[in-house]
Amino acid sequence: MDDREWRTFVTVVNEGNITKAAEKLFISQPALSYRLRHMEENVGHSLLLRTAEGITLTPQGEIYYEYCKRMLHDKEALEHALISSTGKIQGTLKIASSINFADYELPLLLKSFREQYPDVHIQVKTAFSHQVVKMFNSGDCMIAFARGGYEVSGHSELLLAEPYCLVYKDLVPPADLAKVPFIQYQTDASVANIIETWCAEHFDGPPMIGMEVNSMSTCRHFVRAGLGWSILTYMGLGSCKNRDIYVSPLRDQHGNVVTRDTNMVYTKESSNLVAVRTFIEYVRNYYEQYSVVDNSIFREYSDR
(Lines give C-alpha, C1' and ligand atoms only; values in the text may rest on other atoms or scores of the structure.)
Protein backbone atom coordinates (compact mmCIF):
# COMPACT_ATOMS: atom_id res chain seq x y z
CA MET A 1 0.00 0.00 0.00
CA ASP A 2 1.15 3.55 -0.74
CA ASP A 3 -0.04 7.12 -0.30
CA ARG A 4 -1.97 6.98 -3.59
CA GLU A 5 -4.16 4.20 -2.19
CA TRP A 6 -4.57 5.96 1.13
CA ARG A 7 -5.58 9.19 -0.57
CA THR A 8 -7.95 7.36 -2.92
CA PHE A 9 -9.79 5.63 -0.09
CA VAL A 10 -10.06 8.81 2.01
CA THR A 11 -11.42 10.73 -0.98
CA VAL A 12 -14.06 8.06 -1.70
CA VAL A 13 -15.25 8.08 1.90
CA ASN A 14 -15.27 11.88 2.18
CA GLU A 15 -17.20 12.28 -1.07
CA GLY A 16 -19.60 9.47 -0.16
CA ASN A 17 -20.09 8.67 -3.83
CA ILE A 18 -17.99 6.78 -6.41
CA THR A 19 -18.90 9.15 -9.24
CA LYS A 20 -17.93 12.30 -7.32
CA ALA A 21 -14.74 10.68 -6.02
CA ALA A 22 -13.70 9.62 -9.53
CA GLU A 23 -14.19 13.18 -10.79
CA LYS A 24 -12.15 14.59 -7.91
CA LEU A 25 -9.35 12.07 -8.50
CA PHE A 26 -9.42 12.65 -12.28
CA ILE A 27 -9.87 8.97 -13.08
CA SER A 28 -12.68 6.93 -14.62
CA GLN A 29 -15.25 5.13 -12.48
CA PRO A 30 -14.11 1.68 -13.69
CA ALA A 31 -10.50 2.55 -12.79
CA LEU A 32 -11.57 3.71 -9.33
CA SER A 33 -13.67 0.58 -8.77
CA TYR A 34 -10.64 -1.51 -9.75
CA ARG A 35 -8.45 0.32 -7.21
CA LEU A 36 -11.01 -0.26 -4.47
CA ARG A 37 -11.28 -3.98 -5.26
CA HIS A 38 -7.48 -4.18 -5.22
CA MET A 39 -7.40 -2.58 -1.74
CA GLU A 40 -10.01 -5.02 -0.44
CA GLU A 41 -8.01 -7.95 -1.83
CA ASN A 42 -4.85 -6.65 -0.14
CA VAL A 43 -6.44 -6.34 3.31
CA GLY A 44 -8.62 -9.43 2.91
CA HIS A 45 -11.84 -7.70 3.93
CA SER A 46 -14.76 -5.90 2.36
CA LEU A 47 -14.30 -2.18 3.07
CA LEU A 48 -17.29 -0.55 1.38
CA LEU A 49 -20.93 -1.33 0.76
CA ARG A 50 -22.46 0.24 -2.36
CA THR A 51 -26.02 1.51 -1.87
CA ALA A 52 -28.47 3.56 -3.91
CA GLU A 53 -27.53 6.59 -1.80
CA GLY A 54 -23.79 6.13 -2.24
CA ILE A 55 -21.29 4.14 -0.16
CA THR A 56 -21.25 2.92 3.44
CA LEU A 57 -18.21 1.77 5.40
CA THR A 58 -18.08 -1.74 6.80
CA PRO A 59 -16.62 -2.11 10.34
CA GLN A 60 -13.29 -3.06 8.71
CA GLY A 61 -13.66 -0.10 6.35
CA GLU A 62 -13.98 2.28 9.30
CA ILE A 63 -10.72 0.95 10.74
CA TYR A 64 -9.01 1.21 7.35
CA TYR A 65 -10.32 4.78 6.83
CA GLU A 66 -8.79 5.94 10.12
CA TYR A 67 -5.56 4.15 9.21
CA CYS A 68 -5.37 5.89 5.82
CA LYS A 69 -5.95 9.32 7.36
CA ARG A 70 -3.29 8.65 9.98
CA MET A 71 -0.75 7.46 7.41
CA LEU A 72 -1.34 10.49 5.17
CA HIS A 73 -0.94 12.78 8.16
CA ASP A 74 2.24 11.04 9.33
CA LYS A 75 3.73 11.17 5.82
CA GLU A 76 2.96 14.88 5.59
CA ALA A 77 4.43 15.51 9.06
CA LEU A 78 7.60 13.64 8.08
CA GLU A 79 8.00 15.72 4.93
CA HIS A 80 7.56 18.95 6.90
CA ALA A 81 10.00 17.80 9.60
CA LEU A 82 12.66 17.04 7.00
CA ILE A 83 12.08 20.40 5.34
CA SER A 84 12.24 22.23 8.69
CA SER A 85 15.60 20.65 9.43
CA THR A 86 17.08 22.58 6.49
CA GLY A 87 16.23 25.92 8.12
CA LYS A 88 14.38 27.15 5.02
CA ILE A 89 10.76 28.36 5.02
CA GLN A 90 9.26 25.85 2.62
CA GLY A 91 6.65 23.11 2.50
CA THR A 92 2.98 22.84 1.60
CA LEU A 93 0.05 24.92 2.84
CA LYS A 94 -3.41 23.41 2.44
CA ILE A 95 -6.00 26.16 2.81
CA ALA A 96 -9.80 26.08 2.73
CA SER A 97 -11.59 29.41 2.44
CA SER A 98 -15.11 30.77 2.37
CA ILE A 99 -16.11 32.03 -1.07
CA ASN A 100 -16.31 35.71 -0.14
CA PHE A 101 -12.98 35.73 1.68
CA ALA A 102 -11.42 33.94 -1.30
CA ASP A 103 -12.92 36.49 -3.69
CA TYR A 104 -11.98 39.70 -1.91
CA GLU A 105 -9.14 39.05 0.54
CA LEU A 106 -7.22 35.87 -0.20
CA PRO A 107 -5.69 36.72 -3.62
CA LEU A 108 -3.69 39.73 -2.41
CA LEU A 109 -2.89 38.02 0.88
CA LEU A 110 -1.45 34.95 -0.86
CA LYS A 111 0.33 37.06 -3.50
CA SER A 112 2.20 39.08 -0.90
CA PHE A 113 2.98 35.95 1.16
CA ARG A 114 4.31 34.06 -1.86
CA GLU A 115 6.53 37.01 -2.83
CA GLN A 116 8.14 36.79 0.59
CA TYR A 117 8.18 32.97 0.84
CA PRO A 118 8.47 31.62 -2.75
CA ASP A 119 9.39 28.09 -1.65
CA VAL A 120 6.06 27.46 0.06
CA HIS A 121 3.62 25.51 -2.11
CA ILE A 122 0.02 26.69 -1.63
CA GLN A 123 -3.12 24.62 -2.25
CA VAL A 124 -6.54 26.27 -1.93
CA LYS A 125 -10.12 25.01 -1.87
CA THR A 126 -13.11 27.34 -1.68
CA ALA A 127 -16.69 26.69 -0.57
CA PHE A 128 -19.48 28.04 1.62
CA SER A 129 -18.36 28.41 5.23
CA HIS A 130 -20.22 25.36 6.55
CA GLN A 131 -18.44 23.27 3.90
CA VAL A 132 -15.08 24.85 4.78
CA VAL A 133 -15.59 23.90 8.42
CA LYS A 134 -16.42 20.35 7.37
CA MET A 135 -13.18 20.20 5.35
CA PHE A 136 -11.20 21.45 8.34
CA ASN A 137 -12.83 19.11 10.85
CA SER A 138 -12.20 16.13 8.56
CA GLY A 139 -8.50 17.03 8.15
CA ASP A 140 -8.67 18.06 4.48
CA CYS A 141 -6.83 21.34 5.15
CA MET A 142 -4.31 22.80 7.57
CA ILE A 143 -5.76 26.30 7.80
CA ALA A 144 -9.30 27.47 7.15
CA PHE A 145 -10.86 30.89 6.75
CA ALA A 146 -14.46 30.52 7.87
CA ARG A 147 -17.23 33.02 8.46
CA GLY A 148 -20.41 32.89 10.48
CA GLY A 149 -19.40 31.47 13.88
CA TYR A 150 -19.43 27.75 13.06
CA GLU A 151 -17.92 25.39 15.63
CA VAL A 152 -14.52 23.97 14.69
CA SER A 153 -12.33 21.26 16.18
CA GLY A 154 -9.20 23.44 16.33
CA HIS A 155 -8.11 26.89 17.46
CA SER A 156 -10.20 29.78 16.08
CA GLU A 157 -8.70 33.26 15.81
CA LEU A 158 -10.81 36.30 14.92
CA LEU A 159 -9.35 38.18 11.96
CA LEU A 160 -12.03 40.76 11.26
CA ALA A 161 -15.65 41.69 11.93
CA GLU A 162 -17.45 43.42 9.05
CA PRO A 163 -20.97 44.89 9.08
CA TYR A 164 -23.90 43.55 7.15
CA CYS A 165 -25.24 46.30 4.89
CA LEU A 166 -28.55 47.46 3.47
CA VAL A 167 -28.03 48.35 -0.19
CA TYR A 168 -30.32 50.05 -2.71
CA LYS A 169 -30.06 52.38 -5.68
CA ASP A 170 -32.60 55.00 -4.67
CA LEU A 171 -33.23 56.55 -1.28
CA VAL A 172 -35.87 54.47 0.53
CA PRO A 173 -37.20 55.41 3.99
CA PRO A 174 -36.92 52.46 6.41
CA ALA A 175 -40.70 52.22 6.76
CA ASP A 176 -41.09 51.74 3.00
CA LEU A 177 -38.53 48.96 2.51
CA ALA A 178 -41.12 46.22 2.92
CA LYS A 179 -42.95 47.58 -0.14
CA VAL A 180 -39.84 47.53 -2.36
CA PRO A 181 -38.80 44.28 -4.11
CA PHE A 182 -36.20 42.35 -2.13
CA ILE A 183 -33.44 40.63 -4.15
CA GLN A 184 -32.70 37.25 -2.62
CA TYR A 185 -29.54 35.32 -3.45
CA GLN A 186 -28.10 31.88 -2.70
CA THR A 187 -25.72 32.05 0.22
CA ASP A 188 -24.45 30.34 3.35
CA ALA A 189 -27.17 29.38 5.84
CA SER A 190 -25.73 31.66 8.53
CA VAL A 191 -26.12 34.71 6.25
CA ALA A 192 -29.66 33.70 5.33
CA ASN A 193 -30.52 33.41 9.05
CA ILE A 194 -29.22 36.93 9.75
CA ILE A 195 -31.30 38.37 6.90
CA GLU A 196 -34.41 36.49 8.03
CA THR A 197 -33.97 37.60 11.64
CA TRP A 198 -33.50 41.26 10.68
CA CYS A 199 -36.58 41.27 8.46
CA ALA A 200 -38.65 39.65 11.22
CA GLU A 201 -37.52 42.35 13.68
CA HIS A 202 -38.28 45.28 11.36
CA PHE A 203 -41.25 44.23 9.22
CA ASP A 204 -44.74 43.04 10.07
CA GLY A 205 -44.37 40.27 7.51
CA PRO A 206 -41.75 38.78 5.21
CA PRO A 207 -40.19 41.11 2.62
CA MET A 208 -41.62 41.21 -0.88
CA ILE A 209 -39.21 38.96 -2.76
CA GLY A 210 -39.06 40.33 -6.28
CA MET A 211 -36.13 38.29 -7.61
CA GLU A 212 -34.20 35.19 -6.63
CA VAL A 213 -30.68 34.99 -8.05
CA ASN A 214 -27.89 32.45 -7.73
CA SER A 215 -25.08 34.61 -6.36
CA MET A 216 -24.16 37.72 -4.43
CA SER A 217 -22.47 39.07 -7.56
CA THR A 218 -25.69 38.87 -9.59
CA CYS A 219 -27.56 40.47 -6.70
CA ARG A 220 -25.19 43.45 -6.81
CA HIS A 221 -25.86 43.98 -10.52
CA PHE A 222 -29.61 43.96 -9.91
CA VAL A 223 -29.30 46.45 -7.06
CA ARG A 224 -27.16 48.77 -9.17
CA ALA A 225 -29.84 48.65 -11.87
CA GLY A 226 -32.41 49.90 -9.35
CA LEU A 227 -34.44 46.68 -9.41
CA GLY A 228 -34.70 46.33 -5.65
CA TRP A 229 -32.82 46.24 -2.35
CA SER A 230 -30.85 43.59 -0.52
CA ILE A 231 -28.64 42.84 2.45
CA LEU A 232 -24.97 42.10 1.75
CA THR A 233 -21.90 41.64 3.89
CA TYR A 234 -19.44 44.52 3.60
CA MET A 235 -16.92 42.23 1.93
CA GLY A 236 -19.51 41.32 -0.68
CA LEU A 237 -20.44 44.91 -1.60
CA GLY A 238 -18.05 45.06 -4.55
CA SER A 239 -19.20 47.77 -6.95
CA CYS A 240 -21.96 48.76 -4.51
CA LYS A 241 -19.29 50.67 -2.57
CA ASN A 242 -19.53 53.35 -5.27
CA ARG A 243 -21.11 56.62 -4.19
CA ASP A 244 -24.21 56.27 -6.37
CA ILE A 245 -25.48 53.38 -4.22
CA TYR A 246 -26.99 53.84 -0.77
CA VAL A 247 -25.19 51.64 1.76
CA SER A 248 -26.26 51.58 5.40
CA PRO A 249 -24.81 49.40 8.16
CA LEU A 250 -27.42 46.88 9.27
CA ARG A 251 -28.65 47.52 12.82
CA ASP A 252 -30.70 45.24 15.03
CA GLN A 253 -33.80 46.36 16.94
CA HIS A 254 -31.57 47.73 19.73
CA GLY A 255 -29.51 49.88 17.36
CA ASN A 256 -26.41 47.65 17.39
CA VAL A 257 -24.54 47.06 14.13
CA VAL A 258 -24.94 43.45 12.97
CA THR A 259 -21.54 42.03 12.00
CA ARG A 260 -20.12 38.92 10.38
CA ASP A 261 -16.90 37.49 11.77
CA THR A 262 -14.12 35.94 9.72
CA ASN A 263 -11.94 33.50 11.64
CA MET A 264 -8.66 31.81 10.86
CA VAL A 265 -8.74 28.28 12.24
CA TYR A 266 -5.94 25.78 12.68
CA THR A 267 -4.85 22.98 14.97
CA LYS A 268 -2.02 23.19 17.47
CA GLU A 269 -0.47 20.23 15.69
CA SER A 270 -0.45 21.89 12.27
CA SER A 271 0.87 25.17 13.72
CA ASN A 272 4.07 23.32 14.67
CA LEU A 273 4.86 22.96 10.96
CA VAL A 274 7.18 25.75 9.86
CA ALA A 275 5.22 26.75 6.72
CA VAL A 276 1.91 26.79 8.60
CA ARG A 277 3.33 28.68 11.58
CA THR A 278 4.94 31.26 9.29
CA PHE A 279 1.67 31.78 7.39
CA ILE A 280 -0.38 32.14 10.59
CA GLU A 281 1.97 34.82 11.89
CA TYR A 282 1.96 36.56 8.51
CA VAL A 283 -1.85 36.68 8.35
CA ARG A 284 -2.10 37.84 11.96
CA ASN A 285 0.32 40.72 11.34
CA TYR A 286 -1.38 41.58 8.05
CA TYR A 287 -4.78 42.17 9.67
CA GLU A 288 -3.29 44.02 12.63
CA GLN A 289 -2.10 46.64 10.13
CA TYR A 290 -4.93 46.53 7.59
CA SER A 291 -8.56 47.65 8.01
CA VAL A 292 -11.11 46.02 5.72
CA VAL A 293 -13.99 48.41 6.38
CA ASP A 294 -14.19 51.97 5.02
CA ASN A 295 -16.84 53.64 7.17
CA SER A 296 -16.96 56.71 4.92
CA ILE A 297 -19.19 54.90 2.40
CA PHE A 298 -22.05 54.48 4.89
CA ARG A 299 -25.17 56.65 5.03
CA GLU A 300 -27.03 56.15 8.28
CA TYR A 301 -30.81 56.44 8.42
CA SER A 302 -30.47 59.27 10.92
CA ASP A 303 -28.39 61.27 8.42
CA ARG A 304 -31.20 61.40 5.84
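When a residue number appears, it is its place in the shown sequence, counting from 1. Below, all heavy atoms of this structure are taken into account, side chains as well, without hydrogens, waters or symmetry copies.
Smallest separation of non-hydrogen atoms from Tyr287 and Leu160: CE2-CD2, 3.6 Å. Counting all heavy atoms, side chain and backbone alike, Ile280 lies closest to Ser271 at CD1-CB, 3.9 Å. Tyr266 and Glu157 get closest at one heavy-atom pair: OH-OE1, 2.9 Å. Shown here for Trp229 and Val180, the closest heavy-atom pair between the two residues is NE1-O, 3.1 Å. Contact detail for Leu232 and Cys219: the closest heavy-atom pair is CD2-SG, 4.1 Å. Minimum interatomic distance between Ile183 and Ser230 (heavy atoms only, all atoms of both residues): O-OG, 2.8 Å.
A donor-acceptor pair under 3.5 Å is absent between the side-chain atoms of Thr259 and the main chain of Ala161, judged by distance alone. Proximity of a side-chain donor or acceptor of Thr58 to a complementary backbone N or O of Leu47 within less than 3.5 Å is detected. A donor-acceptor contact shorter than 3.5 Å links the side chain of Trp198 to the backbone of Arg251. Panel note: side chain Asn256, backbone Asp252; no donor-acceptor pair is recorded below 3.5 Å. Between the Arg220 side chain and the Gly236 main chain, a donor and an acceptor come within less than 3.5 Å of each other. No donor-acceptor distance shorter than 3.5 angstrom exists from the side chain of Thr218 to the backbone of Asn214, with no hydrogens or angles considered. Between the side chain of Asn137 and the main chain of Ser153, a donor-acceptor pair closer than 3.5 Å is present.
Between Arg224 and Cys240, some side-chain heavy-atom pair lies under the 4.5 Å cut-off. Between Met39 and Phe9 the shortest side-chain heavy-atom distance falls below 4.5 Å. Between Tyr246 and Ile297, every side-chain heavy-atom pair lies at or beyond the 4.5 Å cut-off. Looking at Gln184 and Met211, their side chains never come closer than 4.5 Å, going by heavy atoms from C-beta outward. Using a 4.5 Å heavy-atom cutoff, the side chains of Met216 and Thr233 are in contact. In this structure the side chain of Glu5 reaches within 4.5 angstrom of the side chain of Asn42, judged on heavy atoms. Residues Asp140 and Lys134 fail the side-chain proximity criterion, which asks for heavy atoms closer than 4.5 Å. The closest side-chain heavy-atom distance from Leu25 to Glu23 is not below 4.5 Å.
Residue-environment remark: CD (Glu196) stays at or below the threshold of 12 foreign heavy atoms within 6.0 Å.
Note that NZ of Lys24 and CG of Asn17 are 12.5 Å apart. Values are rounded to the nearest 0.5 Å. With rounding to the nearest 0.5 Å, the separation of NZ in Lys241 from CG in Asp294 is 8.0 Å. Interatomic distance, CG of Leu93 versus CZ of Arg114, reported as 10.0 Å (0.5 Å rounding). Distance check: Tyr64 OH to Met71 CE gives 10.0 Å after rounding to the nearest 0.5 Å. From Met264, atom CE reaches atom OG of Ser97 across 12.0 Å, with rounding to the nearest 0.5 Å. Taking CD1 of Ile18 as the reference point, atom CG of Leu36 lies at 5.0 Å (rounded to 0.5 Å).
Taking the six-membered ring wherever Trp is involved, the centroid distance between the rings of Tyr234 and Tyr164 does not fall below 6.0 Å.
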Would you check, one step at a time, whether the test side chain to side chain donor-acceptor pair (under 3.5 Å) holds for Tyr34 with Gln29?
CA-CA 9 Å; Tyr34 175 81; Gln29 289 185 51; over 6 Å; no
Tell me, with the steps shown, if Val247 and Arg299 meet side-chain contact (heavy atoms from CB on, under 4.5 Å).
CA-CA 6 Å; Val247 179; Arg299 310 191 200 188; over 6 Å; no
Could you give me the CA-CA distance, side-chain angles and deciding distance for Glu40 and Arg37, then say whether salt bridge (Lys or Arg N to Asp or Glu O under 4.0 Å) is met?
CA-CA 5 Å; Glu40 291 178 325; Arg37 285 196 302 272; over 6 Å; no
Working for side-chain contact (heavy atoms from CB on, under 4.5 Å), residues Val293 and Phe298
CA-CA 10 Å; Val293 179; Phe298 296 139; 4.1 Å; yes
Is there a side-chain contact (heavy atoms from CB on, under 4.5 Å) between Arg35 and Ile27? Walk through the geometry before answering.
CA-CA 11 Å; Arg35 280 193 199 178; Ile27 61 176; 3.8 Å; yes
Can Glu115 and Lys111 be said to form a salt bridge (Lys or Arg N to Asp or Glu O under 4.0 Å), step by step?
CA-CA 6 Å; Glu115 287 173 350; Lys111 179 178 181 292; 2.7 Å; yes
Report the C-alpha distance between Ser190 and Arg260 in whole Å, list the side-chain angles of each, state the deciding distance to 0.1 Å, and finish with yes or no for side chain to side chain donor-acceptor pair (under 3.5 Å).
CA-CA 9 Å; Ser190 60; Arg260 182 163 176 79; 2.9 Å; yes
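The aromatic rings of Phe113 and Tyr117 sit tilted relative to each other, their planes meeting at an angle between 30° and 60°. Below 30°, between 30° and 60°, or above 60°: for Tyr286 and Tyr282 the angle between ring planes is below 30°, a parallel geometry.
Under the 4.5 angstrom side-chain criterion for Ile, Leu, Val, Met, Phe, Trp and Tyr, the cluster partners of Val152 are Val133, Phe136, Tyr150, Val265. Residue Leu49 shares its hydrophobic cluster (ILVMFWY side chains chained together at separations under 4.5 Å) with no other residue.
No hydrogens or angles considered: nothing links the side chains of Tyr185 and Glu212 as a donor-acceptor pair under 3.5 Å. Side-chain contact annotation: Glu62 with Tyr67, donor-acceptor N/O pair under 3.5 Å absent. Remark: the Ser270 side chain and the Thr267 side chain contain an N/O donor-acceptor pair separated by less than 3.5 Å.
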Show me the donor-acceptor pairs, under 3.5 Å and distance only, between side chains in residues 123-130 and residues at least two apart or in other chains.
unit_1 : atom_1 : unit_2 : atom_2 : d
Ser129 : OG     : Arg147 : N      : 3.0
Ser129 : OG     : Arg147 : O      : 3.1
His130 : ND1    : Asp188 : OD1    : 3.1

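For Asp176, the salt bridge (charged side-chain N to carboxylate O under 4.0 Å, His left out) partners are Lys179, not counting sequence neighbours. When the ring-ring contact (aromatic ring centres under 6.0 Å, His included) test is applied to Tyr104, no partner is found at least two apart in sequence or on another chain. Partners of Asp103 according to the side chain to side chain donor-acceptor pair (under 3.5 Å) rule, which considers only residues two or more places apart in sequence or in another chain, do not exist here.
Connection of Val120 to Leu273 is established within a shared hydrophobic cluster, with ILVMFWY side chains joined at heavy-atom distances below 4.5 Å, either directly or through further cluster members. Linking ILVMFWY residues whenever their side-chain heavy atoms come closer than 4.5 Å, directly or via other members, places Val10 and Ile55 in the same cluster. Val167 and Val257 fall into different hydrophobic clusters, where Ile, Leu, Val, Met, Phe, Trp and Tyr residues are linked whenever their side-chain heavy atoms come under 4.5 Å apart, directly or through other members. Cluster membership for Met235 and Val223, using ILVMFWY side-chain heavy atoms within less than 4.5 angstrom, is shared. In the hydrophobic cluster analysis, where Ile, Leu, Val, Met, Phe, Trp and Tyr join through side-chain heavy atoms closer than 4.5 angstrom, Met135 is grouped apart from Val12.
Taking 4.0 Å as the cut-off between side-chain N and carboxylate O, Glu66 and Lys69 count as a salt-bridged pair.
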